[in-house]
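Only one structure is covered here, and it is reproduced in the block below.
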Amino acid sequence: MRSYSLLFAAVLCGGLTLSAPTWAQQAPAKKPTTLTPTGKSTTPAAPRPTTRPATSGATTPGTRPAPKATPTTPAPAAGKPATSAATKATTTTKPATPAATVKPAVPAASKPTGPPLPANLNSSDPATRYKNGKTLLDQTRYELAMQELLPITAPGSKFQRAPEAAYLYAVAASRAKKWAEAEQMLNLLRTEYSQWPNLPEAFFLQGQVSFEQGDFENGLRVLSQLPPDRLVTERENMKAAYLPRVKDKTTFQNLLRAYPQDATLARAYADKLANGGWYTEADKPQLDQLITQFALDRARYTPRPRAQKKSTYNIGVLLPFEFADPSWETRRKNQFVTDLYAGMRLAQDSLQREGHPVQLFAYDTGADTLQLKQLLALPELAGMDMLIGPVYKSGSKILARYAQQKQIVVVNPLSQDGDLVLDNPWHYLFEPSTATQARQAAQFAFTRLGGPRTAVVLYEDTKDETAFGQAYKQAYEALGGRVLQLRRINSDVEESLSAGFAGLDLKTIGHLVVASDGKKAGTYTLGALKAQDARTPLITYASWLDNNRIGLGQLDARDVYFVHPKFVDRTGYGVRRVRQLYTQRQNLPPSVFALSGFELLYYFANQLHQHGPAFQQQLANGGPVSGAVFQGIGYPDGSHDNQYVPLTKLERLEIEVLNPVGIR
């Protein structure tokens, strides 16, 4: 029989040991431009070099020593990294489920490219289905492999190779990041086929599935059930990869009490203390005990002296200003960057007036990572108290590694990709990640909507919306709800929209979720609800409020709830004051990017003044608070993306926030 250890290692390695993303080809190297913006203009203008850090009210440009900048040509935005097998999820392990309850995911339509599909799909012959499933797995057509293998996994199928089929189904589900389906099948395999000789491979995969769903205690327990001589190196590598994702200090300490002899767990916790910003003087005895017990390198695991609180802090802002290209096209493309920085400058003035001064040092990263790498070679960067930027994903990965090495908090201003802040205690997202938005929406639906706790989730065929759909299903079902259908759509294709709604009885489900910014998705969804005369509650994105194909009256007349992370109450005092000050300075009202820049700097600069440069533990101990202009911001329980997501609804054509800060 083929070694299932080798098979699993080949299938899983992309998620544990080969997870480095593939970047788009970068443009030729350019010399970095460093500067400190200042100045005042009638429109938000790109900052200019000065001799000193930008301070409130500075108006005279000068010269500041910086590497010479050579003319640059705008490079295309760095490409998105390939999706790795490991994606963070948060659900809990469920008890063993009978075979009849394991449901296949809705298969994606096969694409015209790639190797030919196996012959005789959906065959009545179990051996043919088994062979087809293995072929589809090799072709990375994971959802089709799941569909082909599912009928031959149940004990009632009487198929001799049912255990192998169940294991391959679980492997396919894990590679498709369908952790709930993988978990159900592994529970079936362990309970119904307990004598299968390759069961250790199922335990190993169960460990990964538990880790991916945030159930670290169960992951360690399952791995401990492996025979002592099986997959020793692989299981330690798995623990080393996932344990740094534990966000809560108390959770880590509970794991240490449960597994006091686990060297990998001890090293991961010691690293959190020494290098992750968790250390306090009260931790010294335990850290010394771990270093002695597990013979850890004392120099590596000795915490650096905590930076003392200061009267003012230096903040590096690394954004793609692209000064070397003054063309109208580039300036227009980069208007969001200029607005973002203009908002920070306004916040700097407010902080100065409140007695919490910060100095901003702006650096032009350009549009490629080579220029960013040259900037990070500047000695002055290592002396910053905090870093902000960049905006492109490839650069974010590089800056995050630098920040972790130098132990400087870095905040990404715009990304909603939660994968960027995994395993890095020094990296934060100012925005709530896509998965966090889904989880908050699922919690709102379960606790506030009432009616049958069932849902249908449709999501756009993109990386972010796929993450939203899967996170929503996991969170809603973890709470006790049930997602009847999880379907992928392409709103630009009428046939895809039609297939997405095909066979749905919209009158009987508890609520409908449509994760799509597509204009056609909005009109089609409302049309489908009207055709069935269904009053089903609908959860979707706030971008539907700006869809010119939908009247606000249509949205007001129904129970439509919006995931609205950038909602701004224009009647609030803080918003009115910021708009007034910004308009006085720039002669035009602030964009959402300008408001983001203001809120980001105002919030994190105050954290610096309250707690000093290593403020991670203080963030983890606090809950969301009201923002200066946005509804709320907070990083409780060790989260590294903003955990507050406003849910809104139109009432008499006015937007109301249904879950204000303090009401969950």
Side-chain angles (χ1 to χ4, degrees), residues 104-112 143 416 434-435 437-438 441-442 444-445 449 451-473 476 481-567 645 647-651 653 655 658:
V106 177
S110 58
K111 298 180 180 179
E143 293 176 340
Q416 296 182 356
T434 303
Q437 293 178 44
F444 173 84
L449 290 189
R453 286 174 170 168
T454 57
V456 168
V457 180
L458 309 180
Y459 61 91
E460 196 73 40
D461 189 12
T462 63
K463 179 181 182 296
D464 286 344
E465 276 58 59
T466 298
F468 186 100
Q470 293 175 350
Y472 193 96
K473 181 178 188 297
Y476 193 67
R482 184 182 175 197
V483 174
L484 303 175
Q485 294 288 339
L486 180 65
R487 296 183 178 181
R488 184 164 50 200
I489 61 172
N490 181 349
S491 62
D492 291 328
V493 179
E494 186 78 15
E495 292 79 5
S496 177
L497 283 170
S498 177
F501 283 89
L504 297 181
D505 184 353
L506 299 177
K507 286 186 175 181
T508 60
I509 62 175
H511 67 280
L512 173 68
V513 180
V514 181
S516 172
D517 286 316
K519 292 183 179 296
K520 292 182 180 178
T523 55
Y524 197 99
T525 299
L526 295 178
L529 289 167
K530 183 177 180 180
Q532 294 191 29
D533 193 25
R535 305 298 301 177
T536 306
L538 168 66
I539 295 177
T540 188
Y541 292 162
S543 59
W544 285 31
L545 292 165
D546 300 318
N547 188 343
N548 56 16
R549 302 182 185 184
I550 302 174
L552 291 181
Q554 292 177 272
L555 299 173
D556 198 343
R558 290 185 172 275
D559 289 333
V560 183
Y561 303 90
F562 304 102
V563 181
H564 209 157
K566 286 301 185 184
F567 173 70
V645 182
L647 276 297
T648 64
K649 187 179 185 297
L650 275 176
E651 293 289 353
L653 299 182
I655 299 176
L658 303 179

Q) Taking atom CG of Leu458 and atom CG of Leu497, what is their separation to the nearest 0.5 Å? A)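 Output value for this atom pair is 9.0 Å.
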
Q.
Working to the nearest 0.5 angstrom, can you tell me the gap between Asp492 CG and Asp461 CG?
A. 10.5 Å

Donor-acceptor check, side chain of [X] to backbone of [Y], threshold 3.5 angstrom: yes or no?
X	Y	value
Glu465	Thr462	no
Arg487	Ala502	yes
Ser498	Glu494	no
Gln437	Phe468	no
Ser496	Asn490	yes

Closest non-hydrogen atom pair between [X] and [Y], with its separation:
X	Y	answer
Tyr541	Ala515	OH-CB, 3.5 Å
Ala441	Ile539	O-CD1, 4.2 Å
Thr508	Pro452	O-CG, 4.0 Å
Glu460	Ser491	OE2-N, 2.7 Å
Ala438	Tyr472	O-CD1, 3.4 Å
Ser543	Ser516	OG-O, 4.4 Å

Would you call [X] and [Y] a side-chain contact if the rule is heavy atoms closer than 4.5 Å?
X	Y	value
Asn548	Lys519	yes
Leu538	Trp544	yes
Phe501	Ile489	no
Ile509	Gln485	no
Leu449	Phe444	yes
Lys530	Gln554	no
Val560	Thr540	yes
Val456	Thr536	no

**Q.** side-chain hydrogen bond (donor to acceptor under 3.5 Å, both in side chains) involving Lys507 - partner list, sequence neighbours excluded
**A.**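 Lys507: no side-chain hydrogen bond (donor to acceptor under 3.5 Å, both in side chains) contacts found.
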
Q. With sequence neighbours left out, what residues match Thr454 under side-chain hydrogen bond (donor to acceptor under 3.5 Å, both in side chains)?
A. none

Q. Taking it one step at a time, do Val513 and Tyr459 satisfy side-chain contact (heavy atoms from CB on, under 4.5 Å)?
A. CA-CA 8 Å; Val513 180; Tyr459 61 91; over 6 Å; no

**Q.** Pairs meeting criterion salt bridge (Lys or Arg N to Asp or Glu O under 4.0 Å) with involvement of residues 542-564, two or more places apart
**A.** Asp559-Lys649

Q.
One pair to check against side-chain contact (heavy atoms from CB on, under 4.5 Å): Leu484 and Leu504. What are the steps and the verdict?
A. CA-CA 10 Å; Leu484 303 175; Leu504 297 181; over 6 Å; no

Q. How are the rings of His511 and Tyr476 set to each other: parallel, tilted or perpendicular (split at 30° and 60°)?
A.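 His511 and Tyr476: perpendicular rings.
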
